[in-house]
Amino acid sequence: QVQLVESGGGLVQAGGSLRLSCAASGRTFSSYTMGWFRQAPGKEREFVAAISWSGGSTGYTDSVKGRFTISRDNAKNTVYLQMNSLKPEDTAVYYCAARYRSSWSAIHGEYRYWGQGTQVTVSS
């Protein structure tokens, strides 16, 4: 079992940057593919980015390509989401998710473990 705790959210002006972190419990973090999803008020949860358990493969939704970067530090049991050039439409609760030893996926139902989320608000 994996427990996930997100941090790093906050209020930022458009064009600014934030780095989200997701700390995972357990000794097998390196065996989990990790994803970031977000959910804005009144909208469905959507895929943002993911990184394979080996770190060798990443994926992004089109709207964040070139602005967001996902990375992981298996020694620290942590996955990061560096968000640059933020836009008001990036405002949402951001969730970290994990799935065991599988390729990355953009489908939230394929992730078994979820964090509680961290709020990101981008003002115009």
Side-chain angles (χ1 to χ4, degrees):
Q1 185 155 351
V2 177
Q3 292 184 326
L4 305 173
V5 179
E6 303 96 334
S7 61
L11 173 64
V12 64
Q13 290 188 334
S17 298
L18 283 174
R19 188 176 80 157
L20 304 184
S21 299
C22 173
S25 65
R27 296 176 292 177
T28 59
F29 174 74
S30 60
S31 296
Y32 286 84
T33 287
M34 303 298 297
W36 285 97
F37 290 76
R38 65 187 180 187
Q39 188 166 17
K43 295 187 177 181
E44 293 186 354
R45 191 167 299 189
E46 66 170 352
F47 171 74
V48 177
I51 186 167
S52 64
W53 59 275
S54 68
S57 177
T58 59
Y60 299 89
T61 192
D62 285 346
S63 63
V64 308
K65 285 180 181 177
R67 300 189 298 123
F68 291 11
T69 302
I70 188 171
S71 62
R72 65 190 298 158
D73 185 339
N74 288 342
K76 296 183 178 180
N77 282 12
T78 302
V79 63
Y80 304 98
L81 186 67
Q82 178 66 44
M83 306 186 296
N84 299 328
S85 302
L86 283 161
K87 304 175 181 180
E89 50 264 44
D90 295 317
T91 295
V93 176
Y94 282 71
Y95 297 91
C96 173
R99 63 193 302 242
Y100 184 71
R101 280 192 174 268
S102 302
S103 58
W104 68 264
S105 170
I107 302 173
H108 65 78
E110 295 187 351
Y111 289 80
R112 181 173 183 181
Y113 302 105
W114 290 83
Q116 294 300 306
T118 185
Q119 176 71 48
V120 171
T121 303
V122 184
S123 63
S124 57

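Predicted, not measured: the structure shown is a model, and the values here were computed from it.
Here Gln82 contributes atom CD and Ile70 contributes atom CD1; the two are 12.0 Å apart, rounded to the nearest 0.5 Å. Of the inter-residue distances, the one linking Met34 atom CE with Thr78 atom OG1 reads 9.0 Å to the nearest 0.5 angstrom. Here the CZ atom belonging to Arg99 is positioned 8.0 Å from the CD1 atom belonging to Ile107, to the nearest 0.5 angstrom. Distance check, rounded to the nearest 0.5 Å: CZ of Phe47 to OH of Tyr60 gives 9.0 Å. In this structure, CD in Gln119 is found 7.5 Å from OG1 in Thr91, a value given to the nearest 0.5 Å. Considering CE of Met83 and OG1 of Thr69, their distance stands at 11.0 Å, rounded to 0.5 Å.
Tyr100 and Val79 fall within a single hydrophobic cluster, where Ile, Leu, Val, Met, Phe, Trp and Tyr are joined by side-chain heavy atoms under 4.5 Å apart, directly or via other members. Note: the hydrophobic cluster containing Tyr111 also contains Val93 (ILVMFWY, side chain heavy atoms under 4.5 Å, direct or indirect links). Cluster annotation: Leu18 and Trp36 are assigned to the same hydrophobic cluster (Ile/Leu/Val/Met/Phe/Trp/Tyr, side-chain heavy-atom contacts under 4.5 Å, transitive). One hydrophobic cluster, built from ILVMFWY side chains closer than 4.5 Å, holds both Phe68 and Val122. No continuous path of hydrophobic side-chain contacts links Val48 to Tyr80 [ILVMFWY only; heavy atoms under 4.5 Å].
Nearest heavy atom pair, residue Tyr32 against residue Ala98, reads CD2-CB, 4.0 Å. Closest heavy-atom contact between Ser105 and Ala50: O-CB, 4.3 Å. Residue Leu20 comes nearest to Gly9 through the heavy atom pair CD2-N, 3.6 Å, listed as atom of the first residue, atom of the second, then distance. Nearest heavy-atom pair, Ala92 versus Ala40, reported as atom, atom and distance to 0.1 Å: CB-N, 3.8 Å. Annotation for Gly115 and Tyr95: closest pair O-CD2, 3.6 Å, computed over non-hydrogen atoms. Considering all non-hydrogen atoms of both residues, Leu4 and Ala24 come closest at CD2-CB, 3.6 Å.
Side-chain N/O atoms of Tyr94 and Arg38 include a donor and acceptor closer than 3.5 Å.
Using a cut-off of 4.0 Å between Lys/Arg side-chain N and Asp/Glu carboxylate O, Asp90 and Lys87 are scored as not salt-bridged.
Side chain of Ser25 to main chain of Gln3: a donor-acceptor pair is present (N/O by atom type, distance under 3.5 Å, no hydrogens or angles). In this structure, Glu6 contributes its side chain and Gln116 its backbone to a donor-acceptor pair below 3.5 Å. Not a single donor-acceptor pair under 3.5 Å links the side chain of Ser31 to the backbone N or O of Arg101.
Note that Arg45 lies outside the cation-pi zone of Phe37, set by a 6.0 Å cut-off to the ring centre and a 45° limit from the axis.
Other residues, nucleotides and ligands contribute only 12 or fewer heavy atoms inside 6.0 Å of the CZ atom of Arg112.
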